[in-house]
Amino acid sequence: MSQTFYITTPIYYANSLPHLGHLYTTIVADAMRRYKRQRGFDTYFLTGTDEHGINIQRAAEKAGRTPKEQTDYISGELKRMFRDFGLDTEHGGYDVFMRTTAPFHYEGSQHIWREIAKGKTPKGNDPIYKGFYEGWFCAPCAEYKSEDEYFTPDGSEVPFCLIHERPLDKVSEESYFFRLSDFNEFLIDKIENTPGLVRPEARKNEVLSFVRRGLQDLSISRLKSSVSWGVPVPGDEEHVMYVWLDALTNYITAIGYGNEERASIGFEKYWKNVVHLVGKDILRFHTVYWMSFLHAAGLPLPSTVYAHGMWLDVDGRKMGKTIGNVIEVDVLHEHFQVDAVRYFVLREMVFGQDGRFGYENLIERANADLASGLGNLASRTFSMLTKYREGKVPAGKIAEENYIHARRAGLDPDGQELVSVVTHARDQFCRRFDNFEFSQGLEALWAVIARVDKMISDAKPWELIKDERQSETLNAVLYRATETLRWLAVMLYPVMPDASKSIYSQIGLDGDVSRLDPADLRWSELAAETAIGETVGVFPRIDRSKVMSEIQQETEKRQEVTEEQKPLVPDASAAPNEEENFISIDDFLKVELRVGEIKVAERIPNADKLLRFEIDLGEEKPRQILAGLAEYYEPEKLIGRKVVVVANLKPRKMRGLESQGMICAASLEDGSGPIPAIATFVEDVEIGARLK
Ligand code: MSP
């Protein structure tokens, strides 16, 4: 049975549209998996979307969608991008697109929770205990704020919400905790002593020094009343799991851990050799947290967590919509060949370090390395075969008596030198790829291209053809160039699947490159007399100024559209303008106004002002809402009336009764104080309809 290889990308948040970063990690994982598949491994490749938590809940609210609609939308967009770039199953890409909202994932996540709870920490304590989570709460947002969501103004003792610019309340909420503080020594020992567990070395040291500073226990649940969008904690429906616990667990539920649905994929089989590719931004979650969770649940650790660097713009700045330096994936797809993009990201970024991405750099590299490099070598070789040898690969051996002629043309007569250059480059390529050193692996192959180009230019086939005595020399030059192309096509398959297949079939070969192991390549296995296929250019030259000006125009157009939309959809992160007391549409959309029909309206004993309503909002059951209307309305007369309800107001108790929303009313003045006038509709409106 062949050895297995399981590779994962992070599952990307379903709160915002996919970008270059997501594309990048997935391309790397895809290339690695194609390489391993060629090498004979039984491979499995996972990507997907992380669909729970407050950020998704919030993004959905902002966009006026339900969380389910939001996650369907984003995962759909991500899948579209993957399809465009040939990363989907149909194109030999991922095996599973995980979505953490899948029922089997709920099952598996709850299973790991139970397993963790059953076990003991390395220090013999219960891994999970109940306590209080303390945090800064913003009442208008109805949520806890993390450090990057608040600021502390000079002179204030408490932080302020960035959105509302008002003080936050220190609130504590019941929560389950994971006893992470018991895992320090375990983590240090594992990470220090397991070769390749955390890579590259510099990142490993970062994690170690983080752990050495001491670990705090981790809150691993939130009350459902504050974060409703998540996997329920088994045995306690009041809580949902901390989103990272559920998200990380996707790597194992996908292959059948803790659920029947995917058991046939084979957790036992694939969990033996797994590589998590992640950006350096989320390394800590994949090492400190994930490894502790796994250990607590009695599961083996992954073989490798590899953290790569980030793409920055050409000037080394982080990419962002506000600076306008984002690389648009749709632009990439429209103007560049998928293989060129794949090649560029793998060649340009030294894996593990940050890299710079600019359209101009991409064009430069594509033109130099692909159009003038590999593409030109292929097209000149095929056209010489057509022109000089009627489209057939000639025999490559030079008879000893002709060595003298070959030498005169500057060609090594027995060709051993080139064989050793190519073989050495292949070995180096494999070693580099095994080691995630994609850029250096490709560099080794381009040295071969330069070498063969030089062989052709030195030997001058266009001169050789004129001389009968140089017939074998010409044959050898053509054979060696074609044989090198065969090797390159096999080796480059993981990086440029389309170009590789194309070159392979242009040579006249019909094997399945995706299954050819570069280690099995033997020089001169290309048979003489092979009839080459139809010649097609693999990498057309990119007209730099034309493409750049098209991209420029499109970017400007896109910016104009954004500008036009600004009054309607301002950037939520933009600084608030103190002169104008405006809120953004996004702020407005946070208030969920819905049409409700009053089903019950009654007085509350011993309360002069309050009325108790039961209002149908089209939900499972009517809401109980209390309102100070008793002095102004006869309750019976309100029954059947359609009103506007603030549906997402945090519930609060009045006179021992919970009020689950608010009825909107205008406030009229008659000199003696405000008189409410309940807002209603003239048209016949549907119960539950949202007001926007
Ligand atoms: N949902 C979590 C991951 C959970 S995994 C159990 C998450 N999602 S994310 O959408 O923010 O994706 C982060 C990942 O996207 C990074 O770790 C990296 O793989 C990729 N990248 C995001 N921006 C990037 C760059 N600018 N450059 C390179 N990769 C980047 O974190």
Side-chain angles (χ1 to χ4, degrees), residues 5-12 20-33 35-36 147-148 180 183-216 218 244 248 251 273-295 301-319 344-357 361 428-444 495:
F5 178 75
Y6 176 29
I7 191 157
T8 68
T9 73
I11 46 168
Y12 306 109
L20 174 68
H22 307 140
L23 179 63
Y24 173 65
T25 314
T26 316
I27 287 179
V28 177
D30 179 80
M32 195 61 179
R33 117 66 168 274
Y35 169 72
K36 290 285 185 182
E147 261 174 62
D148 54 351
L180 188 62
F183 287 75
N184 277 45
E185 281 122 42
F186 161 77
L187 288 168
I188 293 171
D189 173 49
K190 279 285 170 200
I191 296 172
E192 264 186 345
N193 300 318
T194 317
L197 181 58
V198 182
R199 302 186 63 187
E201 197 65 16
R203 301 269 166 247
K204 167 177 148 182
N205 294 334
E206 251 174 50
V207 175
L208 280 172
S209 68
F210 175 78
V211 178
R212 284 200 184 99
R213 284 199 293 272
L215 296 172
Q216 306 239 320
L218 186 69
W244 271 99
L248 289 159
Y251 297 134
N273 183 18
V274 52
V275 174
H276 295 313
L277 281 188
V278 297
K280 65 181 183 187
D281 53 332
I282 53 173
L283 176 63
R284 188 184 301 169
F285 297 94
H286 282 79
T287 49
V288 181
Y289 296 178
W290 183 221
M291 291 180 188
S292 303
F293 294 155
L294 284 168
H295 185 62
L301 304 189
S303 331
T304 296
V305 175
Y306 204 118
H308 64 70
M310 295 285 149
W311 281 107
L312 307 169
D313 74 3
V314 267
D315 301 315
R317 294 172 305 174
K318 255 180 102 159
M319 292 188 198
F344 178 77
V345 293
L346 287 162
R347 176 71 182 81
E348 190 77 4
M349 170 121 58
V350 173
F351 201 62
Q353 297 172 17
D354 288 348
R356 296 180 180 201
F357 199 120
N361 306 11
Q428 222 182 339
F429 173 83
C430 290
R431 206 170 325 115
R432 294 295 198 176
F433 260 58
D434 284 332
N435 222 11
F436 302 88
E437 292 168 325
F438 308 104
S439 182
Q440 296 90 330
L442 289 168
E443 215 175 322
V495 178

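All of these numbers come straight from a predicted model, not from anything done at the bench.
Listed by chain and residue number, nothing satisfies the side chain to side chain donor-acceptor pair (under 3.5 Å) test with Thr304 (two or more places apart in sequence, or in another chain). The side chain to side chain donor-acceptor pair (under 3.5 Å) check on Tyr24 picks up nothing, with sequence neighbours excluded. Residues satisfying the ring-ring contact (aromatic ring centres under 6.0 Å, His included) criterion with Phe285, sequence neighbours excluded, are Trp244, Tyr289. Partners of Phe293 according to the ring-ring contact (aromatic ring centres under 6.0 Å, His included) rule, which considers only residues two or more places apart in sequence or in another chain, are Phe178. Annotation: side chain to side chain contact (heavy atoms under 4.5 Å, CB included) contacts of Glu348 (sequence neighbours excluded): Trp311, Phe344, Asn361, Arg365. Taking the ring-ring contact (aromatic ring centres under 6.0 Å, His included) definition, one finds that Phe351 meets it with Tyr306, His308, Phe438, sequence neighbours left out. Residues satisfying the ring-ring contact (aromatic ring centres under 6.0 Å, His included) test with Tyr35, not counting sequence neighbours, are Phe433. Listed by chain and number, the residues in a side chain to side chain donor-acceptor pair (under 3.5 Å) with His276 are Thr8, Trp290 (sequence neighbours excluded). For Glu206, the side chain to side chain donor-acceptor pair (under 3.5 Å) partners two or more places apart in sequence, or in a different chain, are Arg203. When the side chain to side chain contact (heavy atoms under 4.5 Å, CB included) test is applied to Asn273, the partners found at least two apart in sequence or on another chain are Gln3, Thr4, Phe5, Phe41, Ser303.
Separation of atoms CG (Leu20) and OG1 (Thr25) is listed at 9.0 Å; rounding is to 0.5 Å. To the nearest 0.5 angstrom, Met319 atom CE is 7.0 Å from Leu312 atom CG. The distance from atom OG1 of Thr26 to atom CD1 of Ile7, rounded to the nearest 0.5 Å, is 10.5 Å.
When all heavy atoms of Val288 and Phe210 are compared, the closest pair comes out as CG2-CD2, 3.9 Å. Contact between Ala307 and Pro200 at its shortest, heavy atoms only, is O-CD, 3.3 Å. Of all non-hydrogen atoms in Lys36 and Asp434, the two that sit nearest each other are NZ-OD1, 3.7 Å. Nearest approach of Val198 to Val207, heavy atoms of both residues: CG1-CG2, 4.3 Å. Taking all atoms of both residues into account, the shortest heavy-atom contact from Val28 to Leu346 is CG2-CD2, 4.0 Å. Here the closest heavy-atom approach between residue Pro302 and residue Val305 is recorded as CG-CG2, 4.2 Å.
Using a 4.5 Å heavy-atom cutoff, the side chains of Met32 and Leu277 are not in contact. Within the 4.5 Å cutoff, the side chain of Gln440 has heavy atoms near those of the Val350 side chain. Counting heavy atoms from C-beta on, the side chains of Leu215 and Leu187 come closer than 4.5 Å. Taking 4.5 Å as the limit, every side-chain heavy atom of Phe183 sits out of range of all side-chain heavy atoms of Val211.
Residue pairs meeting the salt bridge (charged side-chain N to carboxylate O under 4.0 Å, His left out) criterion with at least one partner in residues 189-202, sequence neighbours excluded, are Glu192-Arg212, Glu201-Lys204. Screening residues 275-289 for salt bridge (charged side-chain N to carboxylate O under 4.0 Å, His left out) gives Lys280-Asp354 as the qualifying pairs, with residues at least two apart or on separate chains.
Although no hydrogens or angles enter the test, the distance criterion places a donor-acceptor pair under 3.5 Å between the side chain of Tyr6 and the main chain of Tyr251.
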| field | side chain to side chain contact (heavy atoms under 4.5 Å, CB included) evaluation trace for Leu301 with Thr194 | value | CA-CA 10 Å; Leu301 304 189; Thr194 317; 6.0 Å; no
